[in-house]
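Read the structure below first, then the notes.
Whatever order the structure lists ligands and atoms in, that order sets their numbers, starting from 1.
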Amino acid sequence: MNVQLNNITVQKVKSSKINEVDFSNLAFGSVFSDHMLECTYKNGVWETPKVVPYQPITLDPSSKIFHYGQSIFEGMKAYKDEEGSVWLFRPLENQKRLNISAKRMAIPELPEEYFIDGLTTLLQVDKEWIPQNPGSSLYIRPFIFASGNGFHASPADEYKFIIATAPSGAYFSGKVKVLIEEKYSRSANGGVGYAKAGGNYAGQFYPTQLAKVKGYQQVIWTDDNTHEYIEEAGAMNIFIRINDTLLTGPTSDRILDGITRKSILEIAADEGIKTEVRKISVTEVVKAAKDGSLKEMFGAGTAAVVSPISGFGYQDTDYELPELENSYSTLLKKRITDIQYNRAEDKFGWRHKVL
Ligand SMILES: *Cc1c(COP(=O)(O)O)cnc(C)c1O
């Protein structure tokens, strides 16, 4: 049966899968909610989105996504507070970034209201799927791919925008040991590193596999030209604390403009922590590790919020980071998640109520 919600047609599942899900034991992004949002681009326009049952997609073998990787995505979360209200964190930033990625990959930009109204409607329909246990959230994956056909290497004439959601437990990555990369690159000047484009991540898998064989969980990306400047930690932005100053690299063609990164910079400043956005050389970090002024390193991104690094490898030497009682990473993670889960005042105006 179809119903209309916010001018969006909703086709509900015949029977929900929700009772099959163990909400106290959720892995990250592996169980999917009953519904998804679907929107088609055809004949030069994005059609009105629809909410439909979560289901497989049928595509022609010549669809351009398979051959030329024309695809982009976003990652965000919905948080349920103690009263059961549902919140998003800076969702317009995701909407804008999706279109920045779209433009770079020659994908037609999606109207803002389709993203926001579509997501709101989807969350209304699948409200029961948003977990409430501490640290849990509904991970939201909006994505666009080229569904149009043909082996010609050119942009497709048809696309699909889909939002799929996955109830997810608290993301405990544990402390990770990382390898500073000296050969491979994630991104380059003039490239697509600033876009959340599918192929960027496939290109990281092989260097990361090599690092894992050597006993590291993640790669620290350095600039493609000299491998002398630290850029990102896997698919997260990176922060480095030397003495009491918190450093992160400037966003560019090569460093993705993370929403967690820019929120952390503002919260840190609000806490009176000195921050510097500038190029960070490997030489500087190695020197700081040797003289004891290197206090913390952590990745920052939506999934884990902050992911502390226990040590790093560089040129066949391992460097350990100290165990701190009052780390910036713990403090900043608490401040940001308190805002996300509506446990603290939101002086920055980042929280967006959906339900
Ligand atoms: C998504 C992503 C981030 C983090 O962005 P958030 O908006 O904080 O989730 C950082 N680096 C890369 C390469 C990413 O893809």
* To do: Output every pair passing salt bridge (Lys or Arg N to Asp or Glu O under 4.0 Å) with a member in residues 258-269, not counting sequence neighbours, ordered by first then second residue.
  => Glu93-Lys262, Asp257-Lys262

* Validate the cation-pi geometry between Lys279 and Tyr229: distance from NZ or CZ to the six-membered ring centre under 6.0 Å, angle to the ring axis within 45°. => yes

Starting from the N and O atoms of ligand 1, collect every protein N/O partner closer than 3.5 Å and put each pair on its own line with the distance to 0.1 Å.
| from | atom 1 | to | atom 2 | distance (Å) |
| --- | --- | --- | --- | --- |
| ligand 1 | 7 (O) | Arg97 | NH1 | 2.8 |
| ligand 1 | 7 (O) | Arg97 | NH2 | 3.1 |
| ligand 1 | 7 (O) | Ile259 | N | 2.8 |
| ligand 1 | 8 (O) | Ile259 | N | 3.3 |
| ligand 1 | 8 (O) | Thr260 | N | 2.9 |
| ligand 1 | 8 (O) | Thr260 | OG1 | 2.6 |
| ligand 1 | 9 (O) | Thr302 | N | 3.0 |
| ligand 1 | 9 (O) | Thr302 | OG1 | 2.6 |
| ligand 1 | 11 (N) | Glu232 | OE1 | 2.5 |
| ligand 1 | 11 (N) | Ala235 | O | 3.4 |
| ligand 1 | 15 (O) | Lys196 | NZ | 2.8 |
| ligand 1 | 15 (O) | Tyr201 | OH | 2.4 |

* To do: Output, in order, the C-alpha distance, side-chain angles, deciding distance and verdict of side chain to side chain donor-acceptor pair (under 3.5 Å) for Lys17 and Ser33.
  => CA-CA 8 Å; Lys17 307 182 297 264; Ser33 318; over 6 Å; no

* Under the salt bridge (Lys or Arg N to Asp or Glu O under 4.0 Å) rule, what pairs show up with a residue in residues 184-197, not counting sequence neighbours? -> Arg186-Glu232

* To do: Describe, in one word, how the ring planes of Phe161 and Phe115 are oriented to each other, choosing from parallel (under 30°), tilted (30 to 60°) and perpendicular (over 60°).
  => parallel

* To do: Could I get the full list of salt bridge (Lys or Arg N to Asp or Glu O under 4.0 Å) partners for Lys290, not counting sequence neighbours?
  => none

